[in-house]
Amino acid sequence: MSEIIGKQTLPEGQEEPKIEFPCDYPIKILGEADDTFNAFVASIVLKHAPDFDVSTLTSRDSSKGKFRSVGVIIRATGEPQIMALFHELKASGRVKMVI
C-alpha cells in the first residue's frame, strides 16, 4: 500500500525526503495588499531569522490588486525555527496563506 503525502504518492517503504539543515528555505506569504504588508512580513521573518537580508524580499500584487504575494528566502537552521515562523505569520490575522 502506498503512503499519501500531500498530492504525491510515495512507493511503500520509501520515506519522505528529509531537509538537511542549515539550508536556504524559500517561503511565500499571501495577504491583503497594502503599503505596510512587506514591512510587516519582514519584521516577523527577522524575529525568526535575524540574518535575513530584507533587500532580497520580493512581492507581487494580484491582477486585481486585492492580494499580495511576498517571497523570502531564509537560512533555515531547523524545523522548530520554520514552524515558529509559520505559526507567527498565520496567527497575525494579516496573512492568509504561508507556503
Side-chain angles (χ1 to χ4, degrees):
M1 177 176 273
S2 296
E3 181 179 342
I4 298 175
I5 299 178
K7 293 183 180 179
Q8 300 175 350
T9 303
L10 297 176
E12 187 174 341
Q14 184 177 349
E15 293 185 21
E16 181 178 0
K18 303 282 187 229
I19 298 173
E20 292 187 29
F21 296 102
C23 67
D24 289 340
Y25 194 87
I27 303 170
K28 294 255 185 203
I29 302 104
L30 180 70
E32 291 188 20
D34 71 41
D35 293 339
T36 64
F37 190 68
N38 290 13
F40 167 76
V41 168
S43 70
I44 292 178
V45 171
L46 282 166
K47 281 192 214 175
H48 297 276
D51 59 345
F52 170 64
D53 180 359
V54 177
S55 70
T56 63
L57 180 144
T58 60
S59 68
R60 191 172 94 188
D61 289 347
S62 63
S63 60
K64 296 189 185 212
K66 183 174 180 177
F67 296 103
R68 177 169 294 166
S69 170
V70 175
V72 300
I73 299 175
I74 64 166
R75 187 72 179 159
T77 58
E79 189 174 337
Q81 174 199 31
I82 294 169
M83 297 309 291
L85 173 57
F86 277 36
H87 176 73
E88 186 169 351
L89 286 166
K90 288 192 247 180
S92 71
R94 293 186 68 184
V95 173
K96 303 299 181 195
M97 187 183 316
V98 180
I99 303 171

Show me the donor-acceptor pairs, under 3.5 Å and distance only, between side chains in residues 44-51 and residues at least two apart or in other chains.
{"residue": "K47", "atom": "NZ", "partner": "E88", "partner atom": "OE2", "Å": "2.7"}
{"residue": "H48", "atom": "NE2", "partner": "E88", "partner atom": "OE1", "Å": "2.6"}

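Other members of the cluster containing M83 do not exist, because no ILVMFWY side chain is joined to it at under 4.5 Å. M97 belongs to a hydrophobic cluster with L30, F67, I99, counting contacts under 4.5 Å between side-chain heavy atoms of Ile, Leu, Val, Met, Phe, Trp and Tyr, direct or through other members.
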For this session: For L85 and I27, run side chain to side chain contact (heavy atoms under 4.5 Å, CB included): C-alpha distance rounded to whole Å, both residues' side-chain angles, the deciding distance at 0.1 Å, then the answer.
Result: CA-CA 10 Å; L85 173 57; I27 303 170; 3.5 Å; yes
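The cationic group of R94 does not satisfy the cation-pi geometry with F37, failing either the under 6.0 Å distance to the six-membered ring centre or the 45° limit from the ring axis.
The heavy-atom pair separating F52 from V72 by the smallest distance is CZ-CG1, 3.6 Å. Shortest non-hydrogen contact noted between F21 and G78 is CD2-N, 3.5 Å. Taking all atoms of both residues into account, the shortest heavy-atom contact from A33 to G65 is CB-O, 3.5 Å.
Residues L89 and I73 are members of separate hydrophobic clusters, defined by side-chain heavy-atom contacts under 4.5 angstrom among Ile, Leu, Val, Met, Phe, Trp and Tyr.
Listed by first and then second residue, the side-chain hydrogen bond (donor to acceptor under 3.5 Å, both in side chains) pairs that reach into residues 20-32 are D24-R75, sequence neighbours excluded. The stretch residues 52-64 participates, sequence neighbours left out, in these salt bridge (Lys or Arg N to Asp or Glu O under 4.0 Å) pairs: D61-R68.
Among residues two or more places apart in sequence or in another chain, the side chain to side chain contact (heavy atoms under 4.5 Å, CB included) test is passed with A42 by V54, L57.
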